[in-house]
Each structure stands twice: as C-alpha cells, then as structure tokens.
Protein chains: 2
Amino acid sequence: MNTGVNLKELAAELKLSPSTVSRALNDSYEISEATKKKVISMAEKLNYQPNPFARSLRENKSKTIAVVIPERMSSFFSKVVDGIEEITQQYGYHLLVYSTHEDVDREKKIVNLLMNGRADAIIMSVSSQTSDISHLTRLHERGFPLVFFDRICSDIPTTKFITNDYESGFEGTKHLIQQGCRKIAFLMLSKELSITKDRYRGYLDALKQAGLSPEPQLNITCCQEEEENIESIRKLLDGPNRPDGILSSVEKLALATYHAVKRTHLRIPNDIKIISFFSNLSIASLLNPSLTTITQPAFNIGEECAKLLMKKLTKPRQPDLPNQVITIPSNITIRSSTIVV
Amino acid sequence: MNTGVNLKELAAELKLSPSTVSRALNDSYEISEATKKKVISMAEKLNYQPNPFARSLRENKSKTIAVVIPERMSSFFSKVVDGIEEITQQYGYHLLVYSTHEDVDREKKIVNLLMNGRADAIIMSVSSQTSDISHLTRLHERGFPLVFFDRICSDIPTTKFITNDYESGFEGTKHLIQQGCRKIAFLMLSKELSITKDRYRGYLDALKQAGLSPEPQLNITCCQEEEENIESIRKLLDGPNRPDGILSSVEKLALATYHAVKRTHLRIPNDIKIISFFSNLSIASLLNPSLTTITQPAFNIGEECAKLLMKKLTKPRQPDLPNQVITIPSNITIRSSTIVV
DNA sequence: TTGTATGCGTTATCAG
DNA sequence: CTGATAACGCATACAA
C-alpha cells in the first residue's frame, strides 16, 4: 500500500541515475556533498520512503525482531517487551510480537513460521507446556539468532537472561520460615519450566537448611484455567494438611491464592503467609493484605536481551551469541502478607 | 538469515522450472495433481520456506498488521491485542505491535515509519496527548487502511470500534447517584480523548437527570506519573470539597484512587463510592473492597477490528473501510465499592 | 500442462 | 564522482 514515489521516480525527478540517488541517501562517501543535499531535499519534498521489502530482499535482513511470550496479560511480560522496544526502537528495528497462550503447539507453529526469515532474531520465553524443544533446536542449529529470557531452554547453547531464581526462591522461603512458617507450599505452572526448577531448588534448600522436610502434597502444579487453580489451592487450604506459608513461583498464582483464601476462613498473614514472584508493584500494595513480593527486573531484562541482539545484528562479523546465562537479580519487598503485626 | 532452499533450488531438485513449482505450491489449477504432489512432498522434504520479502515485494502486500497502542501494561490493551491476534493468525497474518507510551511524538514517529508499507493496515488507539491528528489524516488520505478502537479520531472517515461509552458513563453515574452520591468526581487521562468526551457526556447527563449540578473542581485530569495522580486524587479527597463518589474513566485511575484512599481516613464505600471502566476482572474482585466495574469487551473489540481488516485485505476489490462507528456494549458489575452493606 | 521471460525496488559491482 | 547493469526470490504474462 506504499503509494509514494520510488527510487527510480525520485531519480528521474532529479535527472540522476537511481544508483546515484541510492548512494546519496545512504550517505556514501563517493557522492559529492552538493548532490547529496539536492537528493535529500528532493526526497523530503516528495516524501520518498524506501520500500522495506526490496531492501530486505536485497540485504537479506528485515530489521525486525520476533518476540515470543506465553501470554500478553502479564505485567512481567508486558514490561519485558517494553524494555526490548526501548532499545530496538533506537536502532530502527520493529517488533513482531506473538503470544503462545502457554500452548506448545502454537509455539511450534509460530517458531516454524519464523524460520523463513521474516525476523532477524527471536527473543523468547517458552510456554509452560514446552518439554520437547526440537523446534527450537532446529532453529538454533540453522544459525538463527535466538535469545531466551526467564523461561529458558538450558539445552540450547545460546545466551539466556534470567533473574536469580535459585537465590530468590531460597530467600523467599527463608523469609517465610523466619516468620514462623513450618509447612510451606510451592505453587508452579509446570514442572518443566526452568524457572520452576530453579525456584524450587531454592525452596528445597531453604527448607533443608531449616531442618524442615519437603512434603510432596504441598507442591501444587496449576493449569491455565484460573477457576481450576483457585479450587486446587482452596482444597489445599481446606484440607487436612494445610500449609502455613505459600511461595508462588508466578504472579498469576499469587492472585489465585488470594481468591482461594477468600473462599476459606483463613486470614493472611495470621493463618497463612504468602510471598510471590510478582511484577506489578502497584497491585501488590493494593492487595489485601498487601503482598510480599520478589520483583523481577522485567524492563531491564528486556533491555539486555535487545542490547545483546542489536550488537550482534548491527555490527559486521559478530560471533555467535555465547552460550551463557546472565543473571539480573530480583528484589524482595516485604509487605503485610508475611508479617503478623 | 533464511538458510533454507529457495524456489530455484527446489525446482532444480525436481527437474522442473521455478514457475511450475511456484504454481504447484500455490495450488494453481493449471498444474496436474501428480506434479503438485511431487512438488509438495519435495518442498516438505527440503523444508522449503518461501521468502516473505520477495513475495511482499512482488505482491505489494506484507501479510502484516501494525497495532499501535498507548501502553502495554494494561489489561484492556493486552486483551484487545489478543483478540486481534486470534483472528489474524487464522489468516496467516503477523502483528507488529508498537506502544506510544501515551506520547504523541512517539506516535507520530511510528505512524510515519509505517507509511512505507511495512504493514498492510493499522489498528490503533491514540495516545492521550494526541490532538493534532495530521499524521493520521495523511495516512488515511493516502488510502492506507486504518481502523481505530476505543480512543478514536472522529474526524477521520474510517471504521471505529468502541464500547457504549456514553451509556456506560451515564449508567455508571446513575448507579452512584442511586447509591446516594451527590458529589461525584470524574477522573480522566486527558480532555482530548474520545472516550473521555463520551463518558463525560454520559456523566453530565446523569447528573442533570438527577438534578445535580456539575462542579468543575470535581473533574481531575491526570498524567502519566502514578504518584502524581495519587496525590491529585488524595488532595481532592482531603480537601474542602470532598466528593462522595468517583467515576474513573480508565482502569489505572481506579487503582490510583485506591492508593489515594489508603492515604486518607476515608472508607470505601461508606465515605466514598467508586466505579470504574476496568478490564481486569480478576483484580477488580480482589481489591479491598472489590471494585464495581464497567467492563469493556476488550477481546471482542480486537476480534472485530481484525475481522473487518481480514475481510478487506484478503478479498479482491474490497471497498474502502466505511466511515462508521461500531459499538460493542460494556457490562456493569456491581461489587462492594459502591454498595454499603 | 509446463517452460521462458519480466519486473517488483533496492543495493552492489563494475565501468567510465 | 556518476551511470549502466545485475541480482536478491518470487509470481505472473506470455509462449509453447
């Protein structure tokens, strides 16, 4: 739908050849300042816009990054994408954003679609259902630049950005123990997720250090149906083996927990204390009682992913993305959900 | 970074001409079933992926829609984008998503960037700062398909999707009046926004119908700084002309109001009742007290925008998008923030 | 039914 | 310093 002039027409108007005009606009050293000026002013006058597809075809790059996230309605992922955009925009890159809705099949379709080169790189966080990663391996083996954040694939040798999941899980659990909890539940989206594993290890080690033994019944694996999750948690709370503390490994399960607690006679923090990985600080302090949070540096994670990619994509002959995990620490903010006054 | 085979190579492998292969893959009627089968299976075997840019250049369309929203961290906009994606994905379209961060200058830059044809259409909701709309007029005058939702530009003759803003403002205000409110404040992001105007008209008419006179001091125009907004609202609440009801025209200002109330000695709903346009139902019922909401059909609005565009873009010789406003109604859910028990 | 030739709009190579 | 020409990968008009 680009109805504007093209290079040839612009050149005709200037009585110059297309190649000269192209070089002038690209600020080539072989063009005189005089003609550069003429060309640029005429281009502005006619509002010349280079056709991005011709350019992409020619240069074999799209100036586009694909971002693949499990869900849009999440303050964490929203902030990460904001962080990515903040950087990529400065380099004139565009963002294709896809949500997998936590569905591996959709994730596979999206990733396979992306193999055709529509984007120059992918920044992604895998779905909670993802265990078979062949679609991602294939992508990476083809040399496609791929960066993971938060929910990463350890087996794929590329750069990953995470927060200090283990330590945060450890410290969060330790905080609950210090507040008197002895039976601490762990809420997760899926056992497969990297964040689940790391946060859970931290949880286990904190229990161990305190001489507490983990109880399998206190590990709740949730699903995509909010109502179902609320009921799972409510049953735990109403059951014979009621926990006195909860560590939620993701934001939405903390909200589900609040809903579940409302359906019981329990009081937070007196009967049950709650801490959660949580990005929406404004909401955390409005919850009743306000929620003790482990805040992931979402925006910053997005920025770092993008900076790394911009460096790789905009400089000539960059090496492959190194196989390393970069950790940006979270902050624990203690609020009323874990402190009895 | 498309390292796969191209049409020519695929054709060579098959000992056919590129054009035959192209036609076979595009299911042309002039190709025999036998060769179609052969071509398709070889294409799969070699994992042939057509180059999207060559195709875009040739066909002068990108199979890409640009979505421009004022902010990502909003349940309303997240759901709209989800709704858009739900439809466009079925048609094999991709989504470029841009956030203006409520900044006209960024909005202008994005829109101007989009004029080069990188996307086949734009779905957008304008920033709260947008009053000069020349960038959008120019786009539309060039024949670029443009659809507005929620925060629309009435002056641009294209299709717009909104909720029943006037009625919802009216009914919301009426509800407050029925609950005994006599001094009702109206919170908005900006006087320029279409949603502000319509919701405000509804508010005014409801006051009028009840014989109440509007008071300019009860209209609060907010900004992008949450803390500043909270303080503006707190001052209103602590001031001599304290309202007994609040109609918030956007989600984030309802949250700011809850923060503000926490800084006063007032109680919701006894001293002040609150109703708000609000999309995040899970949060609404967790707030303390739970928030009476006017829920916009966000996902549905996204779907409708996308359906309209898909129809226009995928069928040959479609007329221009008609100049009309399509309204999808909101639902009011009464919760504790407006009902004294 | 299949093959040949052309052009989409750019940039790069090569000549002048 | 500037111009002519080719090529990127694909789809189509035209030819066979």
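Chain A is the first sequence line, chain B the second, and so forth, proteins listed ahead of strands; every chain is numbered from 1. Hydrogens, waters and symmetry mates play no part in the numbers below; they use all other heavy atoms, side chains included.
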**OP:** State whether Thr35(A) places a side-chain N or O below 4.0 Å from either non-bridging phosphate oxygen (OP1 or OP2) of dC1(D).
**Re:** no

**OP:** Rounded off to whole Å, could you give me the CG-to-P distance for the Leu25(A) and dT10(C) pair?
**Re:** 9 Å

**OP:** At under 4.0 Å between heavy atoms, which parts of nucleotides 10-16 of chain D does protein reach? Answer with one letter per nucleotide, 5' to 3': B base, S sugar-phosphate only, - none.
**Re:** BBBBB--

Subject >> For Arg118(B), all residues meeting side chain to side chain donor-acceptor pair (under 3.5 Å), sequence neighbours excluded >> reply: Thr64(A), His94(A)

**OP:** Could you check how far CG of Asn116(A) sits from P of dG9(D), rounded to whole Å?
**Re:** 13 Å

**OP:** Decide side chain to side chain contact (heavy atoms under 4.5 Å, CB included) for Val104(B) and Asp132(B); before the verdict, give the C-alpha distance in whole Å, the side-chain angles of both, and the deciding distance to 0.1 Å.
**Re:** CA-CA 9 Å; Val104(B) 218; Asp132(B) 167 28; over 6 Å; no

**OP:** List for me each residue that meets side chain to side chain donor-acceptor pair (under 3.5 Å) alongside Asn47(A), sequence neighbours excluded, and say none if there are none.
**Re:** none

Subject >> Summary of salt bridge (Lys or Arg N to Asp or Glu O under 4.0 Å) pairs that have at least one residue in residues 8-26 of chain A, sequence neighbours excluded >> reply: Arg23(A)-Glu30(A)

**OP:** Any pair with a residue in residues 24-73 of chain A that passes ring pair (Phe, Tyr, Trp, His ring centres under 6.0 Å), sequence neighbours left out, goes on the list, sorted by first then second residue, please.
**Re:** none

Original post:
Between dG9(D) atom P and Asn60(A) atom CG, what is the distance in whole Å?
Top reply: 7 Å

**OP:** Take atom CG of Leu14(A) and atom C1' of dT2(D), then tell me their distance rounded to the nearest Å.
**Re:** 13 Å

**OP:** Would you indicate, yes or no, if dT2(D) has its OP1 or OP2 atom less than 4.0 angstrom from a side-chain nitrogen or oxygen of Ser32(A)?
**Re:** yes

**OP:** Specify the separation, in whole Å, of atom CZ of Arg118(B) and atom P of dG9(C).
**Re:** 16 Å

Subject >> Whichever of Leu57(A) and Tyr29(B) has its nearest DNA chain C nucleotide further upstream toward 5' >> reply: Tyr29(B)

Original post:
Within this structure, what is the NZ-to-P distance between Lys61(A) and dT10(C), rounded to whole angstrom?
Top reply: 17 Å

Subject >> For Ser41(A), all residues meeting side chain to side chain donor-acceptor pair (under 3.5 Å), sequence neighbours excluded >> reply: none

